[in-house]
Amino acid sequence: MAEGKRERRESSSEESVKLFVGQVPKNMTEVQLLTMFREFALVDEVNIIKDKTTRASRGCCFVICPTREEADKAVNACHNKKTLSGASSPLQVKYADGELERLEHKLFVGMLPKNVSEAEVSALFSTYGTIKDLQILRGSQQTSKGCAFLKYETKEQAIAALDAINGKHKMEGSSVPLVVKWADTEKERQARRAQKAQSQASNVPNTDSQHPSLFGALPLGYVPPYNGFGYQAPGYGLMQYRLPPMQNQPGFHSMIPTVNQGNALRGIAPDLGPSMNPRNYAIPPASYMGSAYHLQHPLAYPGGMFSHRPLSSSPRSVPPAVLSSSSATSSSIGKGSGGQVEGPPGANLFIYHIPQEFGDQELSTAFQGFGRVLSAKVFVDKATGVSKCFGFVSYESPEDAQSAISMMNGFQLGGKKLKVQLKRDNKQTKPY
DNA sequence: TCATATT
């Protein structure tokens with residue numbers, strides 16, 4: 001018991017350092033990992049990060065080292081240097097989120113006089129400890145922003161300074177006391193940034209209609225103004241999205257009401273006579289365009305309405321999204337609690353050059369004409385939320401995937417051509 | 001440019 005207590009304290013002491021390790025095969029145990037890391041450094045414990053509900057490994061773990069020196073040894077020896085059997089890429093070993101900051105003892109100092117020098121700030125704060133780093137924030141013209149970041153050698157020093165100065169000490173020539181706080185952590189900053197981006201986005205009216213991708217922007221079954229074929233969001237039209245060769249295939253022309261054919265292809269609203277009921281155009285569609293907006297996006301052609309399969313020979317020639325106008329929008333993409341649903345071997349696609357503005361939903365919609373889409377994932381930058389323009393689509397069968405490849409690979413979208421290939425398979429052959 | 005994941 002005494003021993004357990006001591007161990008606990010060691011693991012969570014100020015000195016110990018937590019590392020985050022990625023690319024850990026899901027079948028490895030904590031003991032195996034512990035053994036492995038101990039070849040390189042002193043390690044107190046390993047904690048595999050598991051799915052909250054399934055308890056399955058999430059393919060990463062934490063490693064606790066007694067000191068920073070030991071942690072650095074582990075990082076230097078392993079990060080990007082070793083690939084564990086079953087992993088697709090080398091181990092990623094780094095300080096866990098917030099860990100570096102925790103060791104930095106970094107303070108924010110506010111309410112500095114604009115003309116104060118580093119030396120003056122340094123002189124004041126040196127009273128409480130050794131300053132490892134000091135930086136007064138300045139604008140483009142070197143003008144002080146009236147605040148600074150400062151790092152102490154130890155946490156105790158930082159606390160001493162914080163207690164002594166915050167709200168109490170006025171610098172020469174200043175009428176307000178300094179503000180001293182712990183600097184925001186990276187996570188806090190991220191949260192703040194996300195918050196800001198969020199509020200800015202919601203301040204823009206009509207975000208949806210301005211979205212270059214019209215998928216998902218309109219409810220399925222929604223009949224747009226005019227006729228459902230020519231409607232376009234401001235600034236965006238079919239012009240930006242080239243049609244695939246598809247249009248030359250048999251059956252293509254017969255799918256579009258003659259009156260509107262030309263314009264539909266260009267995303268131009270036809271000039272309807274005043275007596276004409278615009279909605280008439282969108283009606284026949286029950287089968288044909290569960291949603292008028294399918295036509296607004298060229299991707300609707302290859303995958304959606306104009307399957308390369310003979311139109312009459314298979315029920316699948318009309319994609320699911322088109323059959324039912326009520327259930328199609330979110331034909332339940334695999335978003336099962338964070339995990340991504342993978343299809344059988346050969347049924348998973350890797351897609352590159354996805355338009356920036358596409359999200360999971362748009363990707364799914366674009367690829368749903370070839371089979372049931374089990375999952376569709378566009379990768380986004382963790383910090384900015386910006387698409388990395390690649391992603392994955394999984395189908396139930398390899399045949400679906402092959403159809404999608406033959407139809408969508410090389411398909412021009414927004415200036416670039418989609419690259420559609422089978423996803424690489426990193427699964428190791430199971431020994432037994 | 002191939003599932004990157006922070007108990």
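Since this is a predicted model, take the numbers as computed values, not measurements.
Within 4.0 Å of A:Lys26, counting heavy atoms only, lies no atom of the nucleic acid at all. Heavy atoms of A:Ser394 sit under 4.0 angstrom from at least one base atom.
Judged purely by distance below 3.5 Å, without hydrogens or angles, the side chains of A:Ser89 and A:Gln23 pair a donor atom with an acceptor atom.
Between A:Glu104 and A:Lys151 there is a salt bridge, with a side-chain nitrogen of the basic residue lying less than 4.0 Å from a carboxylate oxygen of the acidic one.
On the P atoms, B:dT1 is 16 Å away from B:dA5, given to the nearest whole Å.
Of the candidates A:Phe350, A:Tyr352, A:Phe392, A:Phe392 is the only one forming a ring-ring contact (aromatic ring centres under 6.0 Å, His included) with A:Phe379.
Computed from coordinates, the A:Lys52 NZ to B:dT6 C1' distance equals 10 Å when rounded to whole Å. In this entry the distance linking CD1 of A:Ile49 with P of B:dT4 reads 13 Å, nearest Å.
A:Phe370 and A:Tyr395 have perpendicular rings, their planes meeting at more than 60° on a 0 to 90° scale where under 30° would count as parallel.
A stacking contact links A:Phe392 to B:dA3: the aromatic ring centre lies within less than 5.5 Å of the base's six-membered ring centre, and the planes differ by less than 30°. Residue ring and nucleobase are not stacked for A:Phe390 and B:dT1 under a centre distance beneath 5.5 angstrom and an angle between planes beneath 30°.
Between the base of B:dT7 and the side chain of A:Lys18 there is a donor-acceptor pair shorter than 3.5 Å.
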